[in-house]
Number of protein chains: 2
Amino acid sequence: MNQGGLDDVATEAYAHLFQAFAEPTRLAILQHLASGEHRVRDLVEHMDLAQSTVSKHLSFLVECGLIVSRPQGRATWYALADPELLKPLITAAETILEATGKSAQLCQHLRGGGETLVLEKN
Amino acid sequence: MNQGGLDDVATEAYAHLFQAFAEPTRLAILQHLASGEHRVRDLVEHMDLAQSTVSKHLSFLVECGLIVSRPQGRATWYALADPELLKPLITAAETILEATGKSAQLCQHLRGGGETLVLEKN
DNA sequence: TGCTAATATCGCTGTGTGACGATGAATCAG
DNA sequence: CTGATTCATCGTCACACAGCGATATTAGCA
């Protein structure tokens with residue numbers, strides 16, 4: 001595809017990471033894990049999905065290095081690998097959503113008025 | 001990633017934005033546009049894809065508010081809506097990739113470094 | 001007026017994957 | 001040991017979508 005100087009491998013790596021966040025269910029899992037360590041069983045109950053579905057998403061996030069697993073007895077505890085690492089990404093995404101006006105349109109906790117952020121461009 | 005979590009609608013909004021970056025082709029388009037304004041024809045030639053494919057990806061990115069179009073004559077010029085807005089996101093992703101041992105270097109223009117956009121001549 | 005170039009859009013197809021249920025492997029309780 | 005609980009994995013299905021070609025549309029050119 002990129003026969004030129006740009007790096008295909010790098011592009012694939014970035015795209016794969018973004019895929020982790022591009023799925024509503026995975027994003028919800030990350031949100032829930034942001035509140036602390038949870039077992040698969042807890043997440044299944046909270047998300048109202050099949051256990052196999054949740055387990056597969058967790059495997060994906062582990063493979064991305066975003067979360068870590070800690071088996072204990074019959075259960076397996078999952079937690080964010082590094083919460084501080086995710087904050088800049090979420091913040092950057094929030095900034096973009098605000099700047100593009102999608103946030104005010106879709107996110108209700110942002111003062112539901114018609115006001116949209118104005119881009120300061122030069 | 002706040003402790004309170006996001007509602008479903010907000011989660012969908014975030015996921016939709018991340019989808020724009022989760023596709024290797026779209027990411028490559030953003031990289032190329034980071035070097036300056038381009039026509040569809042230029043991108044088609046550079047990416048070695050069908051014109052309809054490139055056009056569809058461009059529509060997606062416009063709908064996300066990440067790029068803007070400027071019709072001129074028969075051609076349509078596309079450019080990043082706000083390069084400065086993308087840099088924090090790419091930088092955050094790069095930090096995660098480094099921390100997870102999957103570091104990969106993306107296009108220079110999309111990464112941090114405060115200097116303004118430089119147009120390259122074809 | 002045609003004719004070409006550039007783009008957007010439509011329909012189609014193959015692939016990827018998110019969802020589920022079923023099954024197997026551990027682990028604990030009785 | 002027997003049975004229940006918890007999780008990972010497998011097979012399957014349905015749907016989304018990236019890719020393509022074909023076509024419509026618009027703008028420039030002879």
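Hydrogens, waters and symmetry mates are skipped; everything else that's a heavy atom, side chains included, is used. A note on names: the letters A, B, ... follow the listed sequences, proteins ahead of strands, and every chain is numbered from 1.
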Please assess A:L30 against A:I90 for the test side chain to side chain contact (heavy atoms under 4.5 Å, CB included), listing each intermediate value before the final yes or no.
CA-CA 11 Å; A:L30 289 174; A:I90 302 298; over 6 Å; no
Under the criterion side chain to side chain contact (heavy atoms under 4.5 Å, CB included), I'd like the reasoning laid out for A:T53 against A:K56: C-alpha separation, chi angles, the key distance, then a yes or no.
CA-CA 5 Å; A:T53 301; A:K56 196 168 66 172; over 6 Å; no
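For the pair A:R39 CZ and C:dT27 P, the interatomic distance rounds to 17 Å; values are reported in whole Å. Computed from coordinates, the A:M47 CE to D:dC7 C1' distance equals 17 Å when rounded to whole Å. In this structure, the CG atom of A:L43 is 13 Å from the P atom of D:dT6, given to the nearest Å. A straight line from NE2 of B:H16 to C1' of D:dA16 spans 14 Å, rounded to a whole angstrom. When the C1' atom of C:dT7 is taken as reference, atom CZ of B:R70 falls 15 Å away, rounded to whole Å.
Across C:dT9, C:dA6, D:dT6, the shortest atom-to-atom separation from the side chain of B:R41 is found for C:dA6.
Because its NZ or CZ atom is not both nearer than 6.0 Å to the ring centre of A:Y78 and within 45° of the ring axis, A:R70 does not count as a cation-pi partner of that residue.
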Walk along nucleotides 14-20 of chain C from 5' to 3' and tag each nucleotide B, S or - by protein heavy-atom contact under 4.0 Å, base first, then sugar-phosphate.
----BBB
What does nucleotides 25-30 of chain D look like as a protein-contact string, B for base, S for sugar-phosphate only, - for none, at under 4.0 angstrom between heavy atoms?
--BS--
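For A:Y78 and D:dT6, the shortest distance from a side-chain N or O to OP1 or OP2 is not below 4.0 Å.
Aromatic ring orientation, B:F18 versus A:F21: tilted (interplanar angle from 30° to 60°).
Looking only at side-chain heavy atoms (C-beta outward), A:L17 and B:L97 come within less than 4.5 Å of each other. Counting heavy atoms from C-beta outward, B:V54 and B:Q51 have side chains that stay 4.5 Å or more apart. Contact annotation: the side chain of A:F60 never approaches that of A:I67 to less than 4.5 Å [non-hydrogen atoms, C-beta and beyond].
Neither side chain, A:E37 nor A:W77, offers a donor N or O lying under 3.5 Å from an acceptor on the other. In the model, B:E63 has a side-chain atom that pairs as donor or acceptor with a side-chain atom of B:H16 under 3.5 Å.
Among the atoms of the strands shown, only primed sugar atoms or phosphate atoms (P, OP1, OP2) are found under 4.0 Å from some heavy atom of A:T76.
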